[in-house]
Amino acid sequence: MKKKILFLCTGNSARSQLAEALMRHMAGEHYQVMSAGMKPETVDPRVYQVLSEAGIDAENLHSVSAQALQDQHFDVVITLCDRASNECALFSDSDALIHWDFKDPKPLEGLAPFRETLEGLRARLALFLMLNGEPQQDVIGPVELFKIMSDPLRLRILMLIEDEQALSVSDLTKVLEVSQPKVSRHLALLRDGGVLQDQREGLWIFYRLAENLPTWIRHTLATVRNGNPSMINAEKLKLSALADRKKPGYSHKDSTLNA
């Protein structure tokens, strides 16, 4: 079943029209896409020009009053200006209300402001679709995730596993220089919370990110790791120096053991 998404701005004449056409272009058949305005105006001709330049279908674009749609249920409502965000009460039963503040390109001359708005929307929509494009069961919510990450030791464990793909209790005990029971206790919490999963290979048990981990959690962990590249430098150096380190026979992307 298609998800219904509504892009909302003041005039429904530029930003929301670009978003509607671009979302249809990027999302294919997965979403039913609409746009509306609090005070709808005629669609700016430059909308059609920049969409045509980008090879995006601009047919059937027309201004719609938000009030005319307020009895409909939308899975997602995205407002594109501050004024429209104040009117979210019209769609209070929506599953998700999101605000992206884009500067109105209409008062500016030429096509450049419209091209810039289109590219800004493209980046936002690409991220939105990456994080929400596939049905996922959230094993934990954002509050629980940030509670887990607030503990320095658990955070370093997650960063090491995100970086190395799979590590054993022995690996973590040695590079973190903490007791085995303490490491095992934190790993058990992360496993029971659905963030990690373990797999035995011979006498060794390796921990890695859970296969069913939602994309938004993977993205959050990768962002923290890439945004703080020196966080686990010391641990990485110790890990590379372990002469007796056992490496797993499976990859991060494939839970089966390699032959």
Side-chain angles (χ1 to χ4, degrees), residues 26 98 122-259:
M26 295 176 68
I98 301 173
R122 191 191 301 274
R124 288 289 187 97
L125 289 173
L127 180 60
F128 176 86
L129 289 170
M130 182 187 75
L131 299 178
N132 298 279
E134 295 295 332
Q136 299 179 77
Q137 180 181 1
D138 285 2
V139 289
I140 61 172
V143 173
E144 290 77 16
L145 176 64
F146 287 111
K147 282 182 179 178
I148 286 172
M149 295 174 66
S150 68
D151 181 274
L153 179 57
R154 284 199 297 269
L155 180 58
R156 285 192 292 161
I157 289 172
L158 285 173
M159 293 299 96
L160 282 164
I161 292 176
E162 199 279 336
D163 194 271
E164 291 288 326
Q165 302 182 3
L167 290 170
S168 69
V169 175
S170 176
D171 292 333
L172 290 166
T173 298
K174 291 174 181 176
V175 301
L176 294 169
E177 297 183 348
V178 294
S179 67
Q180 184 271 330
K182 188 170 185 178
V183 170
S184 295
R185 193 161 57 246
H186 283 288
L187 287 171
L189 184 149
L190 292 167
R191 181 196 59 208
D192 295 345
V195 181
L196 298 181
Q197 67 183 56
D198 58 17
Q199 182 166 337
R200 179 179 290 278
E201 185 174 342
L203 299 176
W204 299 79
I205 296 178
F206 292 94
Y207 288 82
R208 63 190 182 92
L209 297 181
E211 282 186 355
N212 66 337
L213 199 63
T215 304
W216 71 267
I217 296 181
R218 289 185 179 275
H219 187 74
T220 299
L221 296 176
T223 299
V224 173
R225 174 69 184 114
N226 291 321
N228 300 270
S230 64
M231 177 186 291
I232 52 173
N233 273 3
E235 290 83 355
K236 291 280 291 180
L237 291 172
K238 293 175 186 175
L239 198 58
S240 64
L242 291 179
D244 60 343
R245 182 187 173 199
K246 169 70 175 177
K247 293 188 177 181
Y250 60 87
S251 71
H252 175 65
K253 296 181 180 179
D254 185 358
S255 62
T256 60
L257 295 180
N258 294 336

By salt bridge (Lys or Arg N to Asp or Glu O under 4.0 Å), Glu164 pairs with (sequence neighbours left out) Lys236, Arg245

Applying salt bridge (Lys or Arg N to Asp or Glu O under 4.0 Å), name anything that partners Arg191, two or more places apart in sequence or on another chain.
-> Asp198

Residues 182-190 side chain polar contacts: donor-acceptor under 3.5 Å, at least two apart:
from, atom 1, to, atom 2, distance (Å)
Ser184, OG, Gln180, O, 3.0
Ser184, OG, Gln180, NE2, 2.6
His186, ND1, Arg154, NH1, 3.4

Close side-chain approach of Leu145 to Trp216, heavy-atom, < 4.5 Å = yes

Can you measure from CZ (Arg156) to CG (Leu172) and round to the nearest 0.5 angstrom?
-> 10.5 Å

What pairs with Arg124 under salt bridge (Lys or Arg N to Asp or Glu O under 4.0 Å), at least two apart in sequence or on another chain?
-> none

Spacing of Arg225 atom CZ and Ile161 atom CD1 [to the nearest 0.5 Å] | 13.0 Å

Could you tell me whether the side chain of Leu221 reaches within less than 4.5 Å of the side chain of Met159, counting heavy atoms only?
-> yes

Set of residues satisfying side-chain contact (heavy atoms from CB on, under 4.5 Å) with respect to Lys238, sequence neighbours excluded | Val175, Glu177

Ile205 CD1 to Leu167 CG distance, which is reported to the nearest 0.5 Å = 14.0 Å

Taking all non-hydrogen atoms of both residues into account, name the closest pair between Gly194 and Ala210 and its distance.
-> O-CB, 3.3 Å

Rounded distance (nearest 0.5 Å) linking atom CG of Leu213 with atom CD of Glu211 = 11.0 Å

side-chain contact (heavy atoms from CB on, under 4.5 Å) partners of Ala222, counting only residues at least two apart = Glu162, Asn226

How many angstroms lie between CZ in Phe128 and CD1 in Ile98, if you round to the nearest 0.5 Å?
-> 5.0 Å

For Leu203, does the CG atom have more than 12 heavy-atom neighbours from other residues, nucleotides or ligands under 6.0 Å away?
-> no

Rounded to the nearest 0.5 Å, how far apart are CG of Leu158 and CG of Asp151?
-> 10.0 Å

Val178 vs Thr173, side chain to side chain contact (heavy atoms under 4.5 Å, CB included): CA-CA, chis, key distance, verdict = CA-CA 6 Å; Val178 294; Thr173 298; 5.7 Å; no

Quick one: does Glu235's side chain get under 4.5 Å of Leu239's, heavy atoms only?
-> no

Which pair of heavy atoms, one from Ser168 and one from Phe206, lies closest together, and at what distance?
-> N-CD2, 3.7 Å

